[in-house]
Enquirer: 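Here it is, the structure, as structure tokens.
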Amino acid sequence: MADNKQYLRIGLLGVDYLLPNNTSYAIEKREQLEINDAPGAFIAAWQVTTAGRTPAYSLDADLNPLPRHAWQRAVFLKAGPQSIGLIADELQLMPSGEVRVEPFTPLGPAPSAAGHLFGGAWVRAGHAPVLVFEPRALAAHLFQLGGAT
Amino acid sequence: MSTAVRDTVHALEVPTDNLPLLLPSACMAEVVALPRLARVPQAPPWLIGVLGWRLRPVPVVSYDMLVGGEGHAPGARARVVVLYPLPGRKPWEFVGILSVSEPQSRIIDGGVAPAALEDSFRYIAAALKFDEHTVGIPDFAALAKVLYPDR
């Protein structure tokens, strides 16, 4: 039985993750953002609003900071009163009903104060599982990278 | 006859790079070839990835790395032993243990001798001597504590 939720597929350097669509998020194109040209910066850009600047981090597939410049879009997560962004190589809203997510408990200590980064996975025959982000934990992971001021 | 049957336990010897593990067959759901795993970012190195098994995600653990040993890429003969959920865990929380080659069937009976083990082999409840080599029986309660420390 397929999952009723929709998911946003986020591609990071060839590895896919899913973000549940019950998360409040916004997708911004590169040209709508203020680009950070500083060499080696892992904040790739800022979303500028009347409320201030929100950083968008550039990460590798293991979610470690990785400065890079060839990207086109970022996804900004709403985490309580704040937002925080992540540069993506690919973004695709998966059609409703296409994805079936099973619960998944990562092992070992949680890497963020908000818990484990993943809470489910989409498993298909012949493919490696695709992990599903826990949005609060992903936001907490991005916040703890720092360097935003 | 009835005593012999009662005292016999079927098990699998799971080869690792250090201490082979002896797992009672009743703990195991299946032994599968090692497919492409999904990496788990920001996880401990001993969690080598996630296996898709019967349309479920199953985390796969390297016992060698869990006890502080060196990790290396599993070879073509590697297998994953899928264990039923550990004590106290949810019914869908299967766990995979990396086996460096095909596990071997063993029968434990009264003729198998206990063995002493160095302290460096953690999460082991007891050791047994088979022929000329020693195997360790995992301490599943201790494993559950290290695999699920937050819960």
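All chains are named by letter (A, B, ...) in the order of the sequence lines, taking the proteins before the strands, and each is independently numbered beginning at 1.
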Enquirer: Is there a path of hydrophobic side-chain contacts, each under 4.5 Å between heavy atoms of I, L, V, M, F, W or Y residues, that connects B/Y84 with B/V81?
Expert: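 Shared cluster, yes.
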Enquirer: For B/L37, is it the side chain, the backbone, both or neither that has a heavy atom under 4.5 Å from a heavy atom of chain A?
Expert: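 Interface part for B/L37: backbone (N, CA, C, O).
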Enquirer: More than 12 heavy atoms of other residues, nucleotides or ligands under 6.0 Å from CZ of A/R68: is that the case?
Expert: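 Atom CZ in A/R68 is crowded, with more than 12 foreign heavy atoms closer than 6.0 Å.
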Enquirer: So which bits of residues 128-141 of chain A come within less than 4.5 Å of chain B, counting non-hydrogen atoms only?
Expert: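 Residues A/A128, A/P129, A/L131, A/H141 are the ones that qualify, each having a heavy atom under 4.5 Å from chain B.
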Enquirer: Please classify the contact between B/R56 and chain A as side chain, backbone, both or neither, with a heavy-atom cut-off of under 4.5 Å.
Expert: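 B/R56 touches chain A through backbone heavy atoms alone.
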Enquirer: Give the member of A/G120, A/P103, A/P111, A/A61 that has the highest number of heavy-atom pairs under 4.5 Å with chain B.
Expert: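 That would be A/P103.
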Enquirer: For residues A/A121 and B/P57, report the shortest heavy-atom separation together with the two atoms involved.
Expert: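 For A/A121 and B/P57, the tightest heavy-atom pair comes out as CB-CB, 3.6 Å.
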Enquirer: Do B/V100 and B/L19 belong together in a cluster built from hydrophobic side chains that touch within less than 4.5 Å?
Expert: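 No.
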Enquirer: Does B/R77 CZ have over 12 foreign heavy atoms under 6.0 Å away?
Expert: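 Atom CZ in B/R77 is not crowded, with 12 or fewer foreign heavy atoms closer than 6.0 Å.
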Enquirer: List the atom of A/T105, the atom of B/E93, and the distance in Å for their closest heavy-atom pair.
Expert: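 Here A/T105 and B/E93 meet closest at OG1-OE2, 2.6 Å.
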Enquirer: Are A/I87 and A/L91 grouped together when hydrophobic residues (ILVMFWY) are joined by side-chain heavy atoms under 4.5 angstrom apart?
Expert: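 No, A/I87 does not connect to A/L91 through the hydrophobic network.
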Enquirer: Looking at B/L55 and A/E102, what are the two nearest heavy atoms and their distance?
Expert: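 For B/L55 and A/E102, the tightest heavy-atom pair comes out as O-CG, 3.3 Å.
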Enquirer: Can you say whether A/F104 sits under 4.5 Å from chain B via the side chain, the backbone, both, or neither, judging by heavy atoms?
Expert: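 The answer is both parts of A/F104.
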Enquirer: Same cluster or not: A/Y57 versus A/W71, using hydrophobic residues (I, L, V, M, F, W, Y) connected whenever any side-chain heavy atoms lie under 4.5 Å apart?
Expert: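 Shared cluster, no.
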Enquirer: Would you name the heavy atoms of A/L107 and B/V61 that are closest together and state the gap between them?
Expert: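 Scanning both residues completely, I find the closest heavy atoms to be CD1-CG2, 3.4 Å.
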Enquirer: Kindly give the heavy-atom pair with the smallest separation between B/Q42 and A/N64, and that separation in Å.
Expert: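 Closest approach of B/Q42 to A/N64: NE2-OD1, 2.9 Å.
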Enquirer: Check the hydrophobic clustering (I, L, V, M, F, W, Y; side-chain heavy atoms under 4.5 Å; chains of links allowed) and say if B/L51 and B/L143 are grouped together.
Expert: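 Yes; tracing contacts between hydrophobic side chains, which count when under 4.5 Å, links both residues.
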Enquirer: Search all heavy atoms of A/P109 against all heavy atoms of B/P149 and return the closest pair with its distance.
Expert: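 Residues A/P109 and B/P149, closest heavy atoms: N-CG, 3.5 Å.
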Enquirer: Heavy-atom distances under 4.5 Å only: say whether A/L117 touches chain B with side chain, backbone, both or neither.
Expert: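 Just its side chain gets close to chain B.
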Enquirer: Using heavy-atom distances under 4.5 Å, tell me whether B/P35 contacts chain A through its side chain, its backbone, both, or neither.
Expert: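 Neither part.
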Enquirer: Below 4.5 Å from any heavy atom of chain A, which atoms of B/V146 appear? Answer side chain, backbone, both or neither.
Expert: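 Only the backbone of B/V146 comes within 4.5 Å of chain A.
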Enquirer: Within a 6.0 Å radius of atom CZ on B/R54, are there more than 12 heavy atoms belonging to other residues, nucleotides or ligands?
Expert: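 Buried by this count: over 12 neighbours within 6.0 Å.
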